[in-house]
Participant: 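Can you keep this structure in mind? I'll have questions shortly.
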Amino acid sequence: MDSNQGFSKPSEAQAGTGTGDTSQAPLVMQRDQPGAQQSDSEATFLSQTLSNRGVKISTFYYSNFQDYEAYQGDRYHTVLNSLGFLNLGISENRLCVDLMTERLCQNDMNYIEEPLLQYPDWRGHPFLRAEVAKFLSYYCGSPIRLNLRNVVLLNSCCAVFSALAMVLCDPEDAVLVPTPFHSGFLFSAQMYTQVELIPVHVGSEITNTNTQPFELMIGKLEQALLEAKTKNKKVKGLLLANPQNPLGEVNMKESLKEYLKFAKRNELHVIIDETYMLSVFDETIIFHSVLSLESLPDPNRTHVIWGSKDFGITGFRFGILYTHNDDVVSAMTPFGYLHSVSGITQYKLRRLLGDRDWINRVYLPINHSRLQEAYGYVIKRLHELEEQFGFKITFRSIGCGLYIWINLKRLLEPCTFEEELVLHRRFLDHKLILSRGKSYMFKEPGWFRLMFAEHSQRLREAMDRFGQAIEEQKQYWIQKMLEDEVTS
Amino acid sequence: MFTLPQKESEAPTTCLGSATSKDSACSFGDGLEGECPRKPDQKLLGLYGVGDPIAMFSSDSSCLSSRGRVIKWFWDSAEEGYRTYHMDEYDEDKNPSGIINLGTSENKLCFDLLSSRLSQSDMLGVEPALLQYPDWRGHPFLREEVANFLSYYCKSPAPLKPENVVVLNGGSSLFSALATVLCEVGEAFLVPTPYYGAITQHVYLLGNVRLAYVYLDSTVTGLDTRPFQLTVEKLELALQGVKSEGVKVKGLILINPQNPLGNIYSPGELQEFLGFAKRHELHVIVDEVYMLSVFEESLGYRSVLSLERLPDPQRTHVMWATSKDFGMSGLRFGTLYTENGDVATAVASLCRYHGLSGLLQYQMAQLLRDRDWINQVYLPENHTRLKAAHTYVLGELRAMGVPFLRGGAGFFLWVDLRKYLPRGTFEEEMQLWRRFLDSKVLLSCGKAFECKEPGWFRVVFSDRAHRLRLGMQRLRLVLEGRSLVAEDVPPGHIQGSGEQHR
């Protein structure tokens, strides 16, 4: 197996081929960064050949993605590697690979013409941008026909967010982010852009500021903005996700308008990530895209992101920005060089997005029913565990997205992030990857995101491992409680 | 990682970037703070320069951040030619009076072969792993194919290893990633000029790294055997000069085969340059993107990976991509080969932003492993066609009495139009470039390659015969119009005192 296997300390990989002395003492790096999956004592390494920046980036990435790297090196396979990692920590829809495969193998997908092999328009081929405009017009329910000139295509939503943050914000500017918020963008903010993300905590308890759990009230945003200003921070924008990740909520139309008006009052850009807009599988829930609003309070400062999650093709590597602001489109264009999408991929995407018939009659209904089934299964298993171990697992029953936000705080003693990490590692020991609340910049320890859009056999296996880990954790918790009683 | 320009502006820039080789105070237009530099040796002036990509930036109000405005401005000013071209592209049927593009280096000669190969059924592989989140450095099956491919075509003495391979979405991304992990903000790579100018943006946009130029000129002096010849002595002098301006140089970029010169560095020369780099602990990025496009076999091209021993394997990083050699600049697939695990790992940590589709990775693996097709169908035919196009354009240039460098690798000729510039200035070069564009033929002017001498142009010939014919016709018309003007004006009436370049 090659060095895919997790992150080996680089100085071990040299074996006398180089001229430099690469065996350096590890340097402990200060850590409490958003997105951190591991604890504070990760060692970094010194390198004779990398710049300091290179070392920092490398260390930062690997400490945040250690689980991911481990998974890539040891993936579960029913036959070939039944002890491998099951990854319910990253969010990707694995339920409809058969449908996608079938569609992607059809003849219309295999087409080569010259412009596809040549240097493209860096915002994306016009044929694809036109298709995206049509697609978004339809699925977002836009009252006006959206225009291809407002579309930019890059090779992931993270790249879109990163480039957008660079053109909207200067280094050390800030963006308000209601938390919990998914770690992909949080991580991206730090890699290249040096934009500070100011968390606006949306809590799980009902208080006098929260009439409902996880409700983002305007007052909270106002307060966060005020606090930031008193600390002399330049807040340039507000980052939202709808449907939310990890909460799975969709915003009411009225709430959306309120957020946009708040932003306009304060001249903030609004970046709204609608990546899961087609993954609302509960029919009683109505999703409202920001592009469906009759009019935007501040069209020049409203920017919408969509990508590969809805079709379960995260391996395609594409992300889309829709914005009315011509200057932003213009400024995003050079990033197309470095975050480009192959002409052939663009062509396939165009055929996919243009096949409304297939999407409406085949893909969406089947996808939604499978999501419903997988979701139902996981809820059932969680209930069973509650009964078996006699404790309450709070979770939010939403009906959108690919994941459930579950509260395991009753298994943590004390309820701290350190103990959350212990539990996270316990899952890892059982070869199960979940993502933990801290990586979402969440203030309350004990929450985990469990992604359920996984093939049924693997989901069953994953929930078995989950149960085993919970059982162990319960024992550990009992032990700790007993110890506490003895000492107190 | 994007710093903002200061207000001091440098010499006017016409195409990309501008060079400063001054003894001015600590002003590099990017907020770089360093000790105040000594006045550089007189003899070093003219041998080196430090790039300042945003020297001419001027702001206007908009919703964008300051760096957003800079990015936008940079892009707007640098891409004028291509934008004009894209709005009026030549097409045999639909737009016969459109612009012929002899400026972009793309191989358009073998689309028939490529489309036929890419349409074959073995290219349609769809598997779950290809549709899902991948190993960011590239699917293992592809990295293995790349290692095999490079071992064979670079003729490495020992088999190359997949763990030293990282794949990402194009050579430009690779430059960006390498710049980011090898340099701090504001540091520089040394690059001999003329060079492929787009690298300026590749290393600056995200990495905020600059280029320091080793100016080469066309006069053959001393021990040189050809124009624009790079030597270790020139490298040493340039490095010294750049350091004296307080700029930290971390690496050297070598493009081999060379763009725009169309020539190659001999194995002996390569060894010398690598030796120079090792002495100064510089990284060397060897861009071998045209390695399979050497149609003149007598040039004796050898990849750096074919050398028996690298002086500094930990600091030698080789780039290759399918863009040029396989005529697929739109496919966006590039590879890094390096023995330095730290560098490979660090570049891989950025690959999340430079990823390529799993389906494409599959296709590339299929392509690279098809040695039969490459050796028996593609390469011979490609070389034949390149050679024919090259010969045709040479012939035309000779007939026009225009000097050029013969080349023999890549898709272009480096053409000497200095005699068409009465005063020999970059302004005139720009005017000539505009006249070509107005006459519906797009070329690349020397300034875009940071050439020290005004009047050199790069002419791309890797297009179909009828387009070449039309393009060369239009070129000739402009030059004949131009040369008439220059000859008509008696020497005494030439304005300004600019030296006459021969």
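All chains are named by letter (A, B, ...) in the order of the sequence lines, taking the proteins before the strands, and each is independently numbered beginning at 1.
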Participant: Find the one option among C183(B), S323(B), S173(B) whose heavy-atom pairs under 4.5 Å with chain A are most numerous.
Facilitator: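 Of the options given, most contacts go to C183(B).
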Participant: Tell me which of these, M109(A), E92(A), Q346(A), has more heavy-atom pairs under 4.5 Å with chain B than the rest.
Facilitator: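 Going by pairs under 4.5 Å, I would pick E92(A).
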Participant: Any idea which of N325(A), I90(A), N300(A) has the most non-hydrogen atom pairs under 4.5 angstrom with chain B?
Facilitator: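 Most heavy-atom pairs within the cutoff with chain B belong to I90(A).
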Participant: Determine yes or no for a side-chain-to-main-chain donor-acceptor pair under 3.5 angstrom, with S65(B) supplying the side chain and M166(A) the backbone.
Facilitator: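 A pair under 3.5 Å: yes.
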Participant: Is the side chain of E114(A) donor-acceptor paired with the backbone N or O of S115(B) at a distance under 3.5 Å, no angle test?
Facilitator: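 No, the answer is negative, given that no donor and acceptor are paired below the 3.5 Å cut-off.
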Participant: With a 4.5 angstrom heavy-atom cut-off, is it the side chain or the backbone of L168(B) that approaches chain A, or both, or neither?
Facilitator: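 Neither the backbone nor the side chain of L168(B) comes within 4.5 Å of chain A.
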Participant: Counting heavy-atom pairs closer than 4.5 Å to chain B, which one of K236(A), M332(A), E267(A), R94(A) comes out on top?
Facilitator: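 Going by pairs under 4.5 Å, I would pick R94(A).
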Participant: Y61(A) and T345(B): side-chain donor and acceptor closer than 3.5 Å?
Facilitator: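 No.
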Participant: Run the side-chain contact (heavy atoms from CB on, under 4.5 Å) test on L356(B) and R317(A) for me, step by step, so that the C-alpha distance in whole Å, both residues' side-chain angles and the decisive distance to 0.1 Å come before the verdict.
Facilitator: CA-CA 6 Å; L356(B) 56 160; R317(A) 311 312 304 141; 5.6 Å; no
Participant: Classify the ring geometry between Y68(A) and W136(B) as parallel (under 30°), tilted (30 to 60°) or perpendicular (over 60°).
Facilitator: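 Because their plane-to-plane angle is under 30°, the rings of Y68(A) and W136(B) count as parallel.
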Participant: Can you name the closest pair of heavy atoms from L64(B) and A331(A) and give their distance?
Facilitator: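 What the structure gives for the nearest pair is CD1-CB, 4.0 Å.
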Participant: What is the minimum heavy-atom distance between Q132(B) and V97(A), and which atoms define it?
Facilitator: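 Taking every non-hydrogen atom into account, NE2-CG2, 3.6 Å.
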Participant: Is L118(B) close to chain A through its backbone or its side chain, or both, or neither, when contacts mean heavy atoms under 4.5 Å?
Facilitator: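 Both backbone and side chain of L118(B) come within 4.5 Å of chain A.
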Participant: Which is it for F65(A) and S349(B) under the side-chain contact (heavy atoms from CB on, under 4.5 Å) test, yes or no, and what are the steps along the way?
Facilitator: CA-CA 9 Å; F65(A) 284 87; S349(B) 72; over 6 Å; no
Participant: Top residue by heavy-atom pair count (under 4.5 Å) with chain B, among C158(A), G312(A), S162(A)?
Facilitator: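 Most pairs with chain B among the choices: C158(A).
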Participant: With only heavy atoms counted, which part of S340(A) is less than 4.5 Å from chain B, the side chain, the backbone, both or neither?
Facilitator: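 Both backbone and side chain of S340(A) come within 4.5 Å of chain B.
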Participant: Give, as side chain, backbone, both or neither, the part of S105(B) having an atom under 4.5 angstrom from any heavy atom of chain A.
Facilitator: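 S105(B) touches chain A through backbone heavy atoms alone.
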Participant: With Y347(A), which residues qualify under ring-ring contact (aromatic ring centres under 6.0 Å, His included), at least two apart?
Facilitator: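 Y347(A): ring-ring contact (aromatic ring centres under 6.0 Å, His included) contacts with Y111(A).
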Participant: Contact part of A348(B) toward chain A, heavy-atom cut-off under 4.5 Å: side chain, backbone, both or neither?
Facilitator: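 For A348(B), the contact with chain A is made by backbone and side chain together.
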Participant: Name the option with the most non-hydrogen atom pairs under 4.5 Å to chain B; the candidates are I313(A), N155(A), D173(A), T101(A).
Facilitator: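 Among the listed options, the one with the most contacts to chain B is N155(A).
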Participant: With distance as the sole test, does R315(B) use its side chain to make a donor-acceptor pair with the main-chain N or O of T49(A) at under 3.5 Å?
Facilitator: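 Side chain of R315(B) to backbone of T49(A), a donor-acceptor pair under 3.5 Å: no, none is there.
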Participant: If I measure from the heavy atoms of chain A, does S172(B) come under 4.5 Å with its side chain, its backbone, both, or neither?
Facilitator: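 The answer is both parts of S172(B).
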Participant: In terms of heavy-atom proximity below 4.5 Å to chain A, should R83(B) be classed as side chain, backbone, both, or neither?
Facilitator: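 For R83(B), neither part sits under 4.5 Å from chain A.
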Participant: Sort out for me which of K108(B), E281(B), K250(B), E184(B) touches chain A most, counting heavy-atom pairs under 4.5 Å.
Facilitator: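 Going by pairs under 4.5 Å, I would pick E184(B).
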Participant: Which bit of K234(A) is near chain B, if near means a heavy-atom gap under 4.5 Å: side chain, backbone, both or neither?
Facilitator: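 Neither part; nothing is under 4.5 Å.
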Participant: Could you tell me which residues satisfy ring-ring contact (aromatic ring centres under 6.0 Å, His included) with F411(B), sequence neighbours excluded, listed by chain and number?
Facilitator: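 Listed in chain order: Y290(B).
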Participant: With a 4.5 angstrom heavy-atom cut-off, is it the side chain or the backbone of F335(A) that approaches chain B, or both, or neither?
Facilitator: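 Both backbone and side chain of F335(A) come within 4.5 Å of chain B.
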Participant: For R67(B), does its backbone N or O pair with a side-chain atom of D170(A) as donor and acceptor, under 3.5 Å?
Facilitator: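 Yes; judged by distance alone, with no hydrogens or angles, the pair exists.
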Participant: If you count heavy-atom pairs under 4.5 Å between each of G319(A), G343(A), G315(A) and chain B, which one has the most?
Facilitator: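 Among G319(A), G343(A), G315(A), the one with the most close pairs to chain B is G315(A).
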Participant: Can you check whether P134(B)'s main-chain N or O pairs, donor with acceptor, with Q72(A)'s side chain at less than 3.5 Å?
Facilitator: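 Confirmed, Q72(A) side chain pairs with P134(B) backbone.
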Participant: Please walk me through it: do L350(B) and I57(A) pass side-chain contact (heavy atoms from CB on, under 4.5 Å)?
Facilitator: CA-CA 8 Å; L350(B) 294 173; I57(A) 284 174; 3.8 Å; yes
Participant: Given heavy-atom pairs under 4.5 angstrom as the criterion, report whether the side chain, backbone, both or neither of S308(A) touches chain B.
Facilitator: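 Contact with chain B is absent: no heavy atom of S308(A) under 4.5 Å.
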Participant: Can you tell which part of H269(A) gets under 4.5 Å to a heavy atom of chain B, answering side chain, backbone, both or neither?
Facilitator: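 Contact with chain B: side chain only.
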Participant: Can you confirm whether Q106(A) is buried at CD, in the sense that more than 12 heavy atoms of other residues, nucleotides or ligands lie under 6.0 Å from that atom?
Facilitator: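 Buried by this count: over 12 neighbours within 6.0 Å.
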